[in-house]
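In what follows, a single structure is set out as C-alpha cells and then discussed.
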Amino acid sequence: MWTLPEATEVAKPNETRGGVTDLAARDCNSAKVPEKHSYKNVLQVLDTPDAAQTLDNTISNLESELSAARTLQESFLNGSPVSEEYKASESAGRRKYFMVIGINTAFSSRKRRDSIRNTWMPQGEKRKKLEEDKGIIIRFVIGHSAIAGGIVDRAIVAEDTKHGDFMRLDHVEGYLELSGKTKTYFATAVALWDANFYVKVDDDVHVNIATLGQILSKHISRPRVYTGCMKSGPVLSDKDVRYYEPEHWKFGDKYFRHATGQLYAISKDLATYISINKHVLHKYINEDVSLGSWFIGLDVEHIDDRRLCCGTPPDCEWKAQAGNTCAASFDWRCSGICNSVDNILGVHNKCGESEKALWTASF
C-alpha cells in the first residue's frame, strides 16, 4: 500500500504562498470541501476479522477526500475555473455512486457519439434516472483543441447544450496524447464523483451496462482492483507499424500484463492514486500500456474477464443465447467495431441486453 501524502494546508487570508495573493487564498477557503466522515473509531475495531479490510477502506476514503480537496485548491491557486458540476457535487455533499463510465471520444466523432446515444447509452430523463436510482454516471470524455475556443470547441459546446452528456477535460486533444488524456480523465472523474469504480471505454465499442455493473459488483469489497481483458503482446520497435513503441528498449520483447484499451475499469483507490501522483506518472505512447505501468510495484489485483472483450456477432450473439451476456463487444482486427457508425446498431440488436435488465439490476 502506498503512503498517504500529508494534506496540503490551505493558505489563510492575508497570507501569500508562492506569489499567490491572499485573494486566491480567500477564494480557496470559501470553497473548501465540507468536512467528511469521522474516522476516529476505526482503531477500536481493528481486532475484528475484517480489520484489514476496514483499514483499507478507511485509507481509500481519506485518499479520495484528499484528492478532491487538492483538485479544488489547485484550481483556485492556479487561476483555473472549477466546473459547475464539481461545485454542485461538493455543495450538496459527496454522494456515493456505483460507477462512472467515461467514453473516450474525439472532435471528429460526432456520428459515433450519436450511434451510441441511439443504442446502449440512455438519454434524457432515463440517463438522469440511471444516475439517481442506480448510481451510474455516463459521459463522453473530451478535452479542448490547441486553440481553445475554436470552431471544434464551439461545436462540442453546442452538442453538450443539446445532450448534456460531456465531461470536459483540461487537456489538449491529440491521438499521441491519449496517455495524458487517460490520466486526466481518472483524476478529474474521482474529483467530480465519489464512485466505487471508474471505467474507460472507446466510442466504437458496444456496452451492456447492467452486465458490466454485475461484473464489477462482485469486486466491490476488494481494494485496488484493475480489471479488463489482460494481455501481454509484443513490443513493436518498427517505426512504420501501428502501435510503434518509441521506448521499446525498456520492455524487451513483450509488454507486462495489462488490460486492453477498448474497455477497462479501476476501483476508487487506484483512481485516487493516479490523481495524487499524476505529475510523476510516466506516459508511454500507448495509453493501455501507460495505465498498466502505473500499477507496477503496487499491491493491485489484476482481474482478467473475457466478457469485457467479446467479438461482434456471431460471437457475442451465441454467448447471449447461452445465457453468458457480454459486457463489451468489438472487432479485434479494427480495435473497435469495424465501421461502428453503421454496424453498432446491428450489434446492439443481436447482443444487447434488454432495457428491463438495466432497470431491474441490483449492484
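Owing to the predicted nature of the structure, the values given are computational and were not obtained by experimental measurement.
Between Phe197 and Phe98, the ring-plane angle classifies as perpendicular under the 30° and 60° cut-offs. Note: Phe295 and Tyr226 have perpendicular aromatic rings, judged against thresholds of 30 and 60 degrees for the angle between ring planes. Between Tyr244 and His248, the ring-plane angle classifies as tilted under the 30° and 60° cut-offs. Using the six-membered ring where Trp is involved, His206 and His348 have ring planes that are tilted, between 30° and 60° apart.
Under the 2.5 Å cut-off for SG-SG separation, Cys310 and Cys326 qualify: their sulfur atoms lie closer than that.
Linking Ile, Leu, Val, Met, Phe, Trp and Tyr whenever their side-chain heavy atoms come within less than 4.5 Å puts Leu298 and Leu291 in one cluster. Ile285 and Tyr243 fall within the same hydrophobic cluster, where Ile, Leu, Val, Met, Phe, Trp and Tyr residues are linked whenever their side-chain heavy atoms come under 4.5 Å apart, directly or through other members. Hydrophobic cluster membership is shared by Trp332 and Val201, with clusters built from Ile, Leu, Val, Met, Phe, Trp and Tyr side chains linked at under 4.5 angstrom.
When every heavy atom of Phe363 is checked against every heavy atom of Gln214, the shortest pair comes out as CE2-N, 3.6 Å. Summarising the geometry of Ile142 relative to Ala106, their closest heavy-atom pair is CD1-C, 3.6 Å, with the distance given to 0.1 Å. Of all the heavy atoms in Ala259 and Gly228, the pair that sits closest is CB-CA, 4.0 Å. Scanning all heavy atoms of the two residues, the minimum distance from Asn208 to Gly352 falls at OD1-CA, 3.3 Å.
Judged purely by atom type and a 3.5 angstrom limit, Arg168 uses its side chain to pair as donor or acceptor with the backbone of Gly143. No donor-acceptor distance shorter than 3.5 angstrom exists from the side chain of Lys126 to the backbone of Gln123, with no hydrogens or angles considered. No donor-acceptor pair closer than 3.5 Å links the side chain of Asp160 to the backbone N or O of Ile156. A donor-acceptor pair is defined here as one N or O able to donate and one able to accept, closer than 3.5 Å; no such pair exists between the side chain of Trp294 and the backbone of Val289. Of the possible polar contacts, none joining the Asp153 side chain to the His144 backbone as a donor-acceptor pair under 3.5 Å is found. Between the side chain of Lys129 and the backbone N or O of Trp359 there is no donor-acceptor pair closer than 3.5 Å.
Note that the CG atom of Asp305 and the CD1 atom of Ile215 stand 4.5 Å from one another [nearest 0.5 Å]. Rounding to the nearest 0.5 Å gives a distance of 10.0 Å between CG of Asn104 and CZ of Arg112. Note that the CE atom of Met167 and the CD1 atom of Ile103 stand 12.0 Å from one another [nearest 0.5 Å]. Rounding to the nearest 0.5 angstrom, the gap separating the OH atom in Tyr97 from the CG atom in Asn196 is 12.5 Å. Here Thr188 contributes atom OG1 and Trp193 contributes atom CH2; the two are 9.0 Å apart, rounded to the nearest 0.5 Å. Expressed to the nearest 0.5 Å, how far CD1 of Ile209 lies from CE of Met99 amounts to 6.5 Å.
Heavy-atom neighbours of Lys319 NZ from other residues, nucleotides or ligands within 6.0 Å: above the threshold of 12. Few gaps surround CD1 on Ile296; more than 12 heavy atoms of other groups in view lie less than 6.0 Å from it. In the displayed structure, Lys231 atom NZ is contacted under 6.0 Å by more than 12 heavy atoms of other residues, nucleotides or ligands. Counting heavy-atom neighbours within 6.0 Å of Asp133 CG, excluding the residue itself, gives a total above 12.
Salt-bridge check for Asp114 with Lys111: failed, with every basic side-chain N at 4.0 Å or more from each acidic carboxylate O. The pair Arg113-Asp203 fails the salt-bridge criterion, with no side-chain N (NZ, NE, NH1 or NH2) lying under 4.0 Å from an Asp/Glu carboxylate O. Electrostatic pairing of Asp288 and Lys200 does not count as a salt bridge here, judged by no charged N lying under 4.0 Å from a carboxylate O. Salt bridge Lys128/Glu125: present, at least one basic N to carboxylate O contact under 4.0 Å. We find that Arg95 and Glu131 are not joined by a salt bridge, their nearest charged nitrogen and carboxylate oxygen being 4.0 Å or further apart.
At a cut-off of 3.5 Å, with distance as the only test, no side-chain donor of Glu353 or Thr325 sits close to an acceptor on the other residue. Side chains of Ser340 and Asp204: a donor-acceptor N/O pair is absent below 3.5 angstrom, by distance only. No hydrogens or angles considered: nothing links the side chains of Glu301 and His219 as a donor-acceptor pair under 3.5 Å.
Aromatic pair Tyr255/Tyr284: ring centres not closer than 6.0 Å.
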